[in-house]
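Computation of the quantities below employed the complete heavy-atom set of this structure, encompassing side-chain atoms and omitting hydrogens, waters and symmetry-equivalent molecules. We're numbering straight along the sequence, starting at 1. Everything numeric in this text was worked out from a predicted model, so none of it was measured.
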Amino acid sequence: MEADQDVSLREQLFHEWVRECIICSLLFSSLYLLSYMVITKFKKHADFTTVDVEDAAVNRIALWMCTFTLAVSVGAVLLLPFSIISNEVLLSMPHNYYIQWLNGSLIHGLWNLVFLFSNLSLVFLMPFAYFFTEAEGFSGSKKGVMSRVYETSVVLLLLTLLVFGILWVASAIVDDDAAGRESLYDLWEYYLPYLYSGISLFGVLLLLFCTPLGLSRMFSVTGKLLVKPRLLENLEEHLSCTAFEEAAISRKISTKASCWLNLNMEALQKRLLAIKSHRITLEMRRKASPWQRNLVYPLAMLLLLALTGISVLIVCFHVLELLIDDAAMPKGMQDSRLGKVSFSVFGPFGAAVQVILIFYLMAASVVGFYSSPFFTRLLPQKQNTTMTKIIGNCVSLLVLSSALPVFSRTLGKSYVGHILDWVHNSISNS
């Protein structure tokens, strides 16, 4: 009897493991396809349709690595809201047969996979993709893709030895004892977690710099995407003036007199493109319905104002709480299990607000990142982004997304703190 129970228990564990593998594979495949569609929208087609077959193959391989990294970034952003929603769903329907697949083991496995794939992308895939696109093969060797692979592998190996050597020397200087020297040889338990922590720290600092800038820019970006209401504005008159100006500049460019007139043709072409873009925007505003003009835009601005105000109030309250009460410092949870207790005072409503704020802060951080003068050059252009710039964007987004959980907890999202404590305790117990 005991043998039969043991076999049934092992079968149940095996089926649960297979189910988690299938769910993780489906989720990652969906994210990979989504990331591939996004990258192909911005990539420069000339890099993949070149006459040189070798360069085209190299760019395709680098594109696959960038797609994998972007999928990991999107997964890292979605994982925290997914954990929050899962806890509320399990709390609301604990005995529902159709959500039995949603359990702590699955969430724990997803966090481990994100941690593993983030390290893999940052430490190996993205450096390899960059050096691979820049490699030309060793001098005197036979040209081909494998020659570039050999050169990239050697350069990446030398870079890895240099980085680990610097870390080894720095750790030996800071922690000069027997236990510290033994930990220097432990790659998986010592180097990679601290490397990921260092990258998360850099990402948090980057988010702290980009988020305020993004919050201030969100209103202007939203204003460009939505149709503004017509307040004391004659849209037909503006459209007629723009059409006349476009016709005048087109006549200057096409006239034969431009051969002997001192005209800056490049400046005229740029001016013509700007006027055409402005005319298209005015035509879209004219075709927009009254509901879209007079309702959507004010509601969007009020929603942005409310989200910004709530975020600022939560941060101020959290800072005051830390200054006044020592008990508000983060502490590990005792006997924390997913789906057993709601970590928000307001229940599902509080969880929904937390999820919306997390997405809003991430969107504001991305907007602030591309709006900052240091990273403006990384802004991708539709159908005109080089492979090197795509690699830079993927690395930047991965660093930002990896730091999002720590950043959210730093800003006082109590629900996020409980989720991270549960993940840390689960990892420690396993």
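At least one side-chain heavy atom of Val18 sits under 4.5 Å from a side-chain heavy atom of Phe14. Residues Leu120 and Leu125 have side chains in contact (heavy-atom distance under 4.5 Å, counting atoms from C-beta outward). Leu80 is listed as a side-chain neighbour of Trp111, based on a closest heavy-atom distance under 4.5 Å. Counting heavy atoms from C-beta on, the side chains of Ile356 and Phe359 never come closer than 4.5 Å. Looking at heavy atoms from C-beta onward, Leu299 lies out of side-chain contact with Leu303 at the 4.5 angstrom threshold. Looking only at side-chain heavy atoms (C-beta outward), Ile84 and Ile358 come within less than 4.5 Å of each other. The closest side-chain heavy-atom distance from Lys43 to Pro380 is not below 4.5 Å.
The two residues Ile107 and Ser83 come nearest to each other via the heavy atoms CG2-OG, 3.4 Å. Taking every heavy atom of both residues into account, Ile39 and Cys394 meet most closely at CD1-SG, 4.4 Å. Minimum interatomic distance between Ser401 and Val77 (heavy atoms only, all atoms of both residues): CB-CG2, 3.4 Å. Residues Leu378 and Phe369 approach most closely at CD1-CZ, 4.0 Å, considering heavy atoms. Summarising the geometry of Leu361 relative to Ser311, their closest heavy-atom pair is CD2-OG, 4.2 Å, with the distance given to 0.1 Å. Nearest heavy atom pair, residue Ser216 against residue Leu213, reads OG-O, 2.7 Å.
Not one N or O on the side chain of Glu136 forms a donor-acceptor pair closer than 3.5 Å with the backbone of Arg148.
Only one option out of Ile61, Ile390, Asn393 pairs with Cys66 in a side-chain contact (heavy atoms from CB on, under 4.5 Å); it is Ile390.
Aromatic ring orientation, Tyr32 versus Phe28: tilted (interplanar angle from 30° to 60°).
Counted by atom type alone, Ser105 and Glu16 present zero donor-acceptor pairs between their side chains at under 3.5 Å.
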